[in-house]
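Sequential numbering from 1 along the given sequence is applied to the chain's residues. In each ligand, atom 1 is the first atom listed, and ligand 1 is the first ligand listed. None of these values were measured; they are calculated from a predicted model.
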Amino acid sequence: MSQTTIALVTGANKGIGYEIAAGLGALGWSVGVGARDDARREAAVEKLRAAGVDAFGVPLDVTDDTSVAAAVRLVEKRAGGLDVLVNNAGVTGGMPQEPTTVDLAAVRTAVETNVIGVIRVTNALLPLLRRSASPRIVNMSSGVGSLTRQSGSFDELATGPLSVAYAPSKTFLNAVTVQYAKELRDTNILINAACPGFVATDLNGFRGVRTPEQGAAIAVRLATLPDDGPTGGFFEDAGVVPW
Ligand SMILES: NC(=O)c1ccc[n+]([C@@H]2O[C@H](COP(=O)([O-])OP(=O)(O)OC[C@H]3O[C@@H](n4cnc5c(N)ncnc54)[C@H](OP(=O)(O)O)[C@@H]3O)[C@@H](O)[C@H]2O)c1
């Protein structure tokens with residue numbers, strides 16, 4: 001492994017993912033900017049480099065096996081390994097999502113990207129992560145995936161709009177995170193889920209109340225956990241998020 005810590009952030013061309021890349025880059029890390037659109041990716045890489053970050057572009061569509069395999073090869077060739085993976089890319093699947101009237105395509109899209117995409121990318125990169133001295137995986141989840149919060153409240157600020165695709169896809173992702181932590185419990189890999197709060201981004205038509213930089217902070221914290229840090233947990237800035 002090289003001396004420099006290497007990270008890859010999926011969906012890093014904008015929003016919270018971009019700020020996670022900026023935050024990790026500010027630590028002096030080399031950061032792969034995973035993004036599916038060439039122009040948006042290159043613009044983000046240029047902006048990060050202008051800010052002094054050792055950023056490199058990684059063409060990456062998390063729903064596409066071929067794209068993910070090529071991304072793994074690129075990371076290995078460009079960086080020589082990987083220490084930290086932030087699975088940030090996510091979609092709502094399209095709104096509205098009232099359970100009784102939902103377009104099933106929205107459910108499929110949300111699960112394909114937010115859950116299967118994370119499993120696909122994680123498994124493809126695990127051989128590189130296993131070679132790291134302190135591998136970390138951060139799955140960008142959401143408090144709307146908390147069944148405790150969902151079942152206790154009709155407050156949209158806490159639980160988001162009714163959604164039978166997006167919110168349950170994050171519940172699914174949380175469960176997936178726990179399963180990985182169990183399988184990897186005897187390794188040095190720490191894997192956790194993060195909630196960024198309600199952040200003003202494209203995802204919600206910029207209705208969020210936090211900045212992308214604020215939303216990125218919890219992912220940066222979980223990406224930089226000490227070796228005796230938690231695994232299989234779900235965290236926001238204020239601490240543990242209830243399942
Ligand atoms: N905003 C919030 O309030 C909030 C709250 C809780 C959790 N989150 C989570 O935070 C993460 C980032 O969201 P955001 O708010 O920053 O939204 P955003 O601004 O819409 O950014 C989403 C990112 O994911 C990328 N992406 C989507 N599908 C992809 C795919 N198939 N392959 C690769 N990249 C893909 C997008 O790329 P394109 O530009 O190509 O579309 C974009 O870079 C998501 O997982 C979201 O669920 C957000």
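Here P196 has side-chain heavy atoms under 4.0 Å from ligand 1, and that is the only part of it that gets that close. Contacts of L60 with ligand 1, taken as heavy-atom pairs under 4.0 Å, involve the backbone alone. Proximity of T201 to ligand 1, defined as any heavy-atom pair under 4.0 Å, is confined to the side chain (atoms from C-beta onward). Within the 4.0 Å heavy-atom criterion, the part of Y166 lying near ligand 1 is the side chain and not the backbone.
For ligand 1, the polar-atom distance check finds no N/O of V91 at less than 3.5 Å from any of the ligand's N/O atoms. Residue contacts with ligand 1: G11 is placed with a nitrogen or oxygen under 3.5 Å of a nitrogen or oxygen of the ligand (distance criterion only). For ligand 1, the polar-atom distance check against D37 finds no nitrogen or oxygen pair separated by under 3.5 Å. Ligand 1 has no N or O atom lying under 3.5 Å from any N or O atom of G17, backbone or side chain.
In the model, Y180 has a side-chain atom that pairs as donor or acceptor with a side-chain atom of N123 under 3.5 Å. In this model, a donor atom of one side chain and an acceptor atom of the other lie less than 3.5 Å apart for S141 and N174. N87 and T10 share no side-chain donor-acceptor pair at under 3.5 Å.
Listed by atom number, the atoms of ligand 1 under 4.0 Å from N204 heavy atoms are 1 (N), 2 (C), 3 (O). Listed by number with element, the atoms of ligand 1 under 4.0 Å from a non-hydrogen atom of T63 are 31 (N). Of all the atoms in ligand 1, the ones that sit under 4.0 Å from a non-hydrogen atom of G197 are 2 (C), 3 (O), 4 (C), 5 (C), 6 (C). Here is the list of ligand 1 atoms found below 4.0 Å of a heavy atom in F198: 3 (O). If you number the atoms of ligand 1 from 1 as listed, the ones under 4.0 Å from a heavy atom of G15 come out as 16 (O), 19 (O).
Electrostatic pairing of R210 and D237 counts as a salt bridge here, judged by a charged N lying under 4.0 Å from a carboxylate O. Electrostatic pairing of R108 and D103 does not count as a salt bridge here, judged by no charged N lying under 4.0 Å from a carboxylate O. With respect to the salt-bridge test (charged N to carboxylate O, under 4.0 angstrom), the residues R78 and D54 qualify. Taking 4.0 Å as the cut-off between side-chain N and carboxylate O, R149 and E236 count as a salt-bridged pair. The existence of a salt bridge linking R73 and E76 is excluded, since no basic side-chain nitrogen approaches an acidic carboxylate oxygen closer than 4.0 Å.
Between the side chain of N192 and the backbone N or O of V138 there is no donor-acceptor pair closer than 3.5 Å.
Taking atom 22 (C) of ligand 1 as the reference point, the nearest protein heavy-atom neighbour is G90 O, 3.7 Å. Closest to atom 32 (N) of ligand 1, if we only count protein heavy atoms, is V62 N, 3.0 Å. Given atom 16 (O) of ligand 1, the protein heavy atom at minimum distance is I16 N, 2.8 Å. For atom 35 (C) of ligand 1, the closest non-hydrogen atom on the protein side is A89 CB, 3.6 Å. With respect to atom 42 (C) of ligand 1, the closest heavy atom belonging to the protein is K14 CE, 3.7 Å. Taking atom 11 (C) of ligand 1 as the reference point, the nearest protein heavy-atom neighbour is N88 O, 3.1 Å. Annotation: atom 20 (O) of ligand 1 to nearest protein heavy atom, L203 N, 3.5 Å. In terms of protein heavy-atom proximity, atom 39 (O) of ligand 1 is closest to N13 ND2, 2.8 Å.
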Verdict with reasoning, L48 to V31, per side-chain contact (heavy atoms from CB on, under 4.5 Å): CA-CA 9 Å; L48 286 164; V31 184; 5.8 Å; no
Salt bridge (Lys or Arg N to Asp or Glu O under 4.0 Å) between R120 and E112, worked out: CA-CA 10 Å; R120 176 183 290 109; E112 186 61 57; 3.4 Å; yes
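Heavy-atom proximity to atom 1 (N) of ligand 1, evaluated over I20, V86, V199, is greatest for V199. Relative to atom 29 (C) of ligand 1, the option among R36, M140, R40 with the closest non-hydrogen atom is R36.
Residues A165 and A106 come closest through the heavy atom pair CB-O, 3.6 Å.
When the side chains of ILVMFWY residues are joined at heavy-atom separations under 4.5 Å, either directly or via intervening members, L85 and I189 end up in a single hydrophobic cluster. Cluster membership for V86 and I218, using ILVMFWY side-chain heavy atoms within less than 4.5 angstrom, is shared.
Residue-ligand proximity: K170 is placed with a non-hydrogen atom under 4.0 Å from ligand 1. Heavy-atom separations between S67 and ligand 1 are all 4.0 Å or longer. Under a 4.0 Å heavy-atom criterion, G143 is not in contact with ligand 1.
Shown are S132, S134, P135; of these, the side chain to side chain contact (heavy atoms under 4.5 Å, CB included) with D83 is made only by S132.
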